[in-house]
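Let me begin by presenting the structure, written as structure tokens, before commenting on it.
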Amino acid sequence: MKSNCIKDLKKYFDKDVIVQGFVDSIRDLQYVQFVILRDGNDKVQMTIEKEGNEKLVEIVSNLTLESTIKVTGKLLESPKVKLNGMELIPTIIEVTSTSLSELPIDIKKMDNALRETRLDYRFLDLRNEKNNLFFKCQTTVLNAMRNYWYENGFIEINTPKICAQAAESGAEVFKLDYFGQKACLSQSPQFYKQMCMASGFSKVFEIGPAFRAENSHTSYHATEIEMVDAEISWIDSVDDVMAMQEAWTKNYMNKLKEVHGEEIKKLFNLEVSDVSNSFPKIELASAKQIIKEKYNYVSDKVDDLDRKEEELICKYAKEKYKSDFVFITKWPFSSRPFYHMKDSEGYSMSYDLLFKGLEITTGAQREHRVDILEKQIIEKGIDPKELQFYIDFFKCGCPPHGGFGFGLSRVMMQIFEIDNIREATLIYRGPTRLNP
RNA sequence: GGUUCCGUGGUGUAGUGGUUAUCACGUCUGCCUGUCACGCAGAAGAUCGCCGGUCCGAACCCGGUCGGAACCGCCA
């Protein structure tokens, strides 16, 4: 007989079952012992009457919390048991692994240990039910993202992470020795997804790692991130990119709410954002004007939003348009990379998507006309020779195209209103965190 | 990279020059007729990050060092 998942046990009342799990808690009373078993996020109570069960009592008396056991026994329906109204009466208990009697961190109450201590013992921290649910939800989100793209004719690509040069010059890269040649870790699949446009793939996406050697000490930066990138051809303007991202975003947000909304409400005391309204689009200059008039705040930054402005404009969008998402459009070319297309007024045809007060995406129409592209490279002070391989992509015909990229953990942390990306990443990498 | 702050039992903390180094959770032992945040009693557990200095005396003051965090900047 195979082991059963605890969540499927209801089908087996009055039958013999085998269940495996972690020892979640033990309550040892005078005449009876209760052991709560946990697999994944689901729990079941095992009950042992002491009289006549000396062997089992002996095993349970020596159990430590978080050890793993395999239990064979009969499942009874017991309304008096608060945990799912059932209990398991064991005949055999096999200890399959033994845990330390004293755990390094308290996994039941996350607040009982500092974040850094919990990250040191991430394998234990992840046993916490909130963390378990979080990564189930991330799986649902990733699945919904992919499904939307599969259903809309996108090709999934996997681009190299070892590259000869940086994808966006100026940003810090991790350098490495590549058989005597200089190489670096990819910061973004930007150039290669554009290459796929020149290759006639029309619509592509990639979900994969990106590496940033920036010594950023904030709650929303990491040195290794999971990037979600998409690029589409035959567009008329950057609006087509925004429309695609909006429809795609609504799809995964709705799916998350549909599948896990109730559990999220219960464990995180949180409502998944409603996305039934259109995402508002506000031009950068208007955003600054609104922030000044409504919140009496003026930033030192002229061609970008600072952190406070991001929060304020999101607050405004929430109040006025009932949306947690807001597009900021019409950016000065000075604050954007060379590969963004300029409009007739010289603005970059790009946008940022903000979500609950934080930037989660930059998207744009790309400059696919090789002569203009070369001019923009020079305008940004880059030697075109360094980007020759990239410029060549556009010499043999290339569709008008655009796309976006975003950091998975940053979006997940915003959905769940987790205040630090370290907790929204399975195994975090940052300037001072290389282990585990 | 800039600014600010923090290192005390397993965990989280109290502690502004002399304390038996506080409290909670956890751990261990005993008790407790079914618990479900079980309860009750007791016990063990800390070279106060490290090195040096001041002082009769340092967890506490000073210097250095190591480790870490928050915010800002850079971005996703």
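Values reported hereafter were calculated over all heavy atoms of this structure, with side chains retained and with hydrogens, waters and symmetry mates removed. Naming convention: chains lettered A, B, ... in sequence-line order (proteins, then strands); numbering from 1 in each chain.
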What residues from [range] pass a heavy-atom cutoff of under 4.0 Å to RNA chain B?
range	value
residues 37-59 of chain A	A/Q45, A/T47, A/E49
residues 300-313 of chain A	A/K301, A/D306, A/R307
residues 247-257 of chain A	none

Main-chain N/O of A/L256 paired to A/T140 side chain as donor or acceptor, under 3.5 Å: no
More than 12 heavy atoms from other groups under 6.0 Å of NZ on A/K175: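 Not more than 12 within 6.0 Å, no.
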Most 5' of A/T362 and A/S25 on RNA chain B, judged by nearest nucleotide: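 Its nearest nucleotide lies further toward 5', so the answer is A/S25.
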Position toward the 5' end of RNA chain B (nearest nucleotide), A/S78 or A/Y220: A/S78
Can we say [X] and [Y] salt-bridge, meaning some charged N sits less than 4.0 Å from an Asp/Glu carboxylate O?
X	Y	result
A/R146	A/E156	yes
A/E310	A/R307	yes
A/D324	A/K315	no
A/K288	A/E309	yes

All side chain to side chain contact (heavy atoms under 4.5 Å, CB included) counterparts of A/S409, not counting sequence neighbours: A/I421, A/T425
Residues forming a side chain to side chain contact (heavy atoms under 4.5 Å, CB included) with A/N215, sequence neighbours excluded: A/H217, A/P431
Interatomic distance, [X] [atom1] vs [N] [atom2] [rounded to whole Å]:
X	N	atom1	atom2	value
A/R433	B/G67	CZ	P	14 Å
A/E116	B/A69	CD	C1'	7 Å
A/M227	B/A76	CE	C1'	6 Å
A/E359	B/A76	CD	C1'	7 Å
A/I36	B/A37	CD1	P	10 Å
A/R410	B/C74	CZ	P	12 Å

Protein and nucleotides 47-50 of chain B: nitrogen or oxygen contacts under 3.5 angstrom:
none

Measure from the side chain of [X], starting at C-beta and using heavy atoms only, and say which of [options] lies closest.
X	options	answer
A/N215	B/G12, B/G1, B/G73	B/G1
A/S216	B/C74, B/A69, B/A76	B/C74
A/R212	B/A76, B/C72, B/G34	B/A76
A/E87	B/G34, B/C71, B/C75	B/G34
A/L114	B/U13, B/C72, B/A69	B/U13
A/V81	B/U11, B/U35, B/C74	B/U35

Can you see which heavy atom on [X] is nearest to which on [Y], and at what distance?
X	Y	result
A/S188	A/A210	N-CB, 4.3 Å
A/A317	A/P280	CB-CG, 4.0 Å
A/P104	A/L124	CD-CD1, 3.5 Å

Side-chain heavy-atom pair A/M253, A/S273 within 4.5 angstrom cut-off: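 When only atoms from C-beta onward are counted, A/S273 and A/M253 do touch, with a gap below 4.5 Å.
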Nearest-Å distance once atom P is located in both B/A44 and B/A24: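 Their P atoms lie roughly 15 Å apart.
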Checking all strands, does [X] fall into the base, sugar-phosphate, or nothing category for heavy-atom contacts under 4.0 angstrom?
X	value
A/K108	nothing
A/I360	sugar-phosphate
A/A210	nothing
A/N420	sugar-phosphate

Listed once per pair and sorted, the ring pair (Phe, Tyr, Trp, His ring centres under 6.0 Å) pairs that draw on residues 24-66 of chain A, sequence neighbours left out: none
Inter- and intrachain pairs under ring pair (Phe, Tyr, Trp, His ring centres under 6.0 Å), touching residues 85-144 of chain A, at least two apart: A/F134-A/F416
Cation over ring face, A/K330 and A/Y347, 6.0 Å, 45°: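 So A/K330 does make the cation-pi contact.
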Face-on cation placement of A/R422 at A/Y220 ring, 6.0 Å and 45° thresholds: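 Not satisfied by the 6.0 Å and 45° rule.
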Below 3.5 Å is the cut-off: list the nitrogen or oxygen pairs between protein and nucleotides 25-30 of chain B, distance only.
{"residue": "B/G26", "atom": "N2", "partner": "A/E102", "partner atom": "OE2", "Å": "2.3"}
{"residue": "B/G26", "atom": "N3", "partner": "A/E102", "partner atom": "OE2", "Å": "2.8"}

Pair pattern of RNA chain B in dot-bracket, where unpaired bases get dots and | marks partners in another strand, Watson-Crick or G-U under 3.5 angstrom: ((((((((.[[[..)..(....]]].(((((.......))))).....[[[[[..)....]]]]])))))))....
Presence of [X] side-chain N/O under 4.0 Å of [N] phosphate oxygens OP1/OP2:
X	N	value
A/R118	B/U11	no
A/R422	B/G68	no
A/T218	B/A70	no

Sequence-distant partners of A/K250, side-chain hydrogen bond (donor to acceptor under 3.5 Å, both in side chains), two or more places apart: A/E246
is_close_aromatic(A/F404, A/W248), centroid dist under 6.0 Å: yes
Test of ring centre spacing under 6.0 Å for A/F174 and A/F211: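 No, the ring centres sit 6.0 Å or more apart.
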Pair up each side-chain donor or acceptor in residues 10-27 of chain A with any protein partner under 3.5 Å, not counting sequence neighbours, and list the distances.
{"residue": "A/Q20", "atom": "NE2", "partner": "A/S3", "partner atom": "OG", "Å": "3.1"}
{"residue": "A/D24", "atom": "OD1", "partner": "A/R38", "partner atom": "NH1", "Å": "2.6"}

